[in-house]
Amino acid sequence: MKINYYPKTDSLYIDLSAHTSAKSMEVSDGVVLDYDEKGNLVGIDIDNAAKKLDLTELILNKLPTKTHILSAG
């Protein structure tokens, strides 16, 4: 899973899978869910993210994975 924030457009994309998006559905204003060809959720796109989310803190709790910090704002 990857979480990417794009400050120029104030959008946040949560990449849940390496599969390519085949279908997208806006579920609320500025929130789009991306699905692969089998209907599996592969990503979440959030426009105006700084207005909808607290981007100052990210808490990962009990995830069975390594954490890689690529950059911090």
Identify the two heavy atoms, one from [X] and one from [Y], that lie closest to each other, and give their separation to 0.1 Å.
X   : Y   : result
K52 : D47 : NZ-O, 3.1 Å
V42 : S21 : CG2-CA, 4.1 Å
D36 : A22 : C-CB, 3.8 Å
S17 : D15 : O-OD1, 2.7 Å
A49 : L12 : CB-CB, 3.8 Å
Y5  : A50 : OH-CB, 4.1 Å

More than 12 foreign heavy atoms under 6.0 Å from CG of D54: is that the case here?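 Buried by this count: over 12 neighbours within 6.0 Å.
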Atom pair [atom1] ([X]) and [atom2] ([Y]), whose distance is rounded to the nearest 0.5 Å:
X   : Y   : atom1 : atom2 : value
D45 : E26 : CG    : CD    : 9.5 Å
L55 : I3  : CG    : CD1   : 10.0 Å
D34 : N40 : CG    : CG    : 12.5 Å

Applying a strict under-4.5 Å side-chain criterion to I, L, V, M, F, W and Y, I'd like to know whether [X] and [Y] cluster together.
X   : Y   : value
V32 : Y13 : no
I46 : Y6  : no
Y35 : M1  : yes

